[in-house]
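Quick notes on the structure that follows.
FYI, the numbering just counts along the sequence from 1.
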Amino acid sequence: ETPVTTANRHQYVEAYTSYLLEKVCQQQFSAFQRGFLLLCDGPAFSLLAPHELEELVCGTPHLDFHALEANTKYGGGFHLEHPTVLLFWEVVHSMSIDDKRALLSFATGCDRAPVGGLGKLQFVLQCVGEDSMNLPTSHTCFNVLDIPAYTTRAKMRDRLTTAIHNATGFGLQ
């Protein structure tokens, strides 16, 4: 009810910011905090630096896709030496870091590695039919990526890139 003027605009910005960042979400944050502290409270957490706690909760930002390749399981007829599997890893290793993050997010729901790195991720690459123009699909709860048995590098790159860059929007979030 107080008019905002040049003299009191800083006070208004502080009050409005406090309202948006503290008061509006106080109930939700309190519930989160109670749950977090129920599982993670104690003297052990006082030994962690903030970046260590972030890694424990969010995973590590370093992405070693060679470690992921070494630990990947295969299904639907795929195996380590299958031509489509070889194309897949060739394309993945040639991707930019942003595309690798997008692929990881598409396949697992998170663009970061778990604690211990991508070698600890239980990732499955699964064949879902013969070569086609179908896009890859994923089951993020299970870290499963379903792809047709693409036979060319160009098609693998095109279909995979199209899928990972068009996986959000229109209710796909």
Practice task
Please tell me if the side chains of L103 and L160 come closer than 4.5 Å, counting only heavy atoms from C-beta onward.
Solution key: yes
Problem - L104 and L121, any side-chain heavy atoms less than 4.5 Å apart - result: yes
Handout entry: R159: salt bridge (charged side-chain N to carboxylate O under 4.0 Å, His left out) partners, not counting sequence neighbours
Key = none
Exercise for the section: Could you tell me whether the side chain of N8 and the main chain of Q11 form a donor-acceptor pair under 3.5 Å? Expected result: no
Fill in the blank from the handout: Here the pair of heavy atoms bringing K100 nearest to H93 is NZ-O, 3.8 Å
Handout entry: Residues that Y74 engages under side-chain hydrogen bond (donor to acceptor under 3.5 Å, both in side chains), provided they are two or more places apart
Key = W89
Practice task
Mind checking the CZ-CZ spacing from R34 to F29? Nearest 0.5 Å is all I need.
Solution key: 11.0 Å
Completion exercise
To the nearest 0.5 Å, atom CG of L68 lies from atom CG of L63 at 9.5 Å
Practice task
Measure from the side-chain N and O atoms of N71 to the backbone N and O of L118, and report whether any donor-acceptor pair falls under 3.5 Å.
Solution key: no
Exercise for the section: Work out which heavy atom in T140 is nearest to a heavy atom in S105; give both atom names and the distance. Expected result: CG2-O, 4.3 Å
Exercise for the section: Please tell me if the side chains of L145 and I147 come closer than 4.5 Å, counting only heavy atoms from C-beta onward. Expected result: yes
Fill in the blank from the handout: Here the pair of heavy atoms bringing L125 nearest to V85 is CD2-CG2, 4.2 Å
Practice task
Assess whether atom CD of E130 is packed by more than 12 heavy atoms of other residues, nucleotides or ligands within 6.0 Å.
Solution key: no
Problem - Student check: side-chain heavy atoms of P136 and Y150 closer than 4.5 Å - result: yes
Problem - Main-chain N/O of A154 paired with D158 side-chain donor or acceptor, under 3.5 Å - result: no
Practice task
Ignoring hydrogens and angles, state whether a donor on the side chain of H139 or Q126 is under 3.5 Å from an acceptor on the partner side chain.
Solution key: no
Exercise for the section: Measure the spacing between OG1 of T84 and CZ of R153 and express it to the nearest 0.5 Å. Expected result: 12.5 Å
Practice task
Check step by step if side chain to side chain donor-acceptor pair (under 3.5 Å) holds for S94 and E90.
Solution key: CA-CA 6 Å; S94 71; E90 188 177 315; over 6 Å; no
Exercise for the section: To the nearest 0.5 angstrom, please state how far the CD1 atom of I97 sits from the CZ atom of F65. Expected result: 6.5 Å
Handout entry: Closest non-hydrogen atom pair between V91 and M156, with its separation
Key = CG2-CG, 3.7 Å
Practice task
Starting at NE2 of H10, measure out to OG1 of T6 and round the result to the nearest 0.5 Å.
Solution key: 9.0 Å
Problem - Residues that T161 engages under side chain to side chain contact (heavy atoms under 4.5 Å, CB included), provided they are two or more places apart - result: R157, H165
Completion exercise
salt bridge (charged side-chain N to carboxylate O under 4.0 Å, His left out) filter on K155, not counting sequence neighbours, yields D131
Practice task
Classify the side-chain pair N143/Q122 by whether it contains a donor and acceptor separated by less than 3.5 Å.
Solution key: no
Report all side-chain donor-acceptor pairs from residues 15-23 shorter than 3.5 Å, counting only partners two or more places apart or in another chain.
residue: T17; atom: OG1; partner: V13; partner atom: O; Å: 2.7
residue: S18; atom: OG; partner: E22; partner atom: OE1; Å: 3.3

Handout entry: H82: ring pair (Phe, Tyr, Trp, His ring centres under 6.0 Å) partners, not counting sequence neighbours
Key = F78, H79
Completion exercise
Output for pair (F123 CZ, F142 CZ), nearest 0.5 Å, gives 15.0 Å
Exercise for the section: Kindly say whether V144 contributes a backbone atom to a donor-acceptor pair with the side chain of S138 at under 3.5 angstrom? Expected result: no
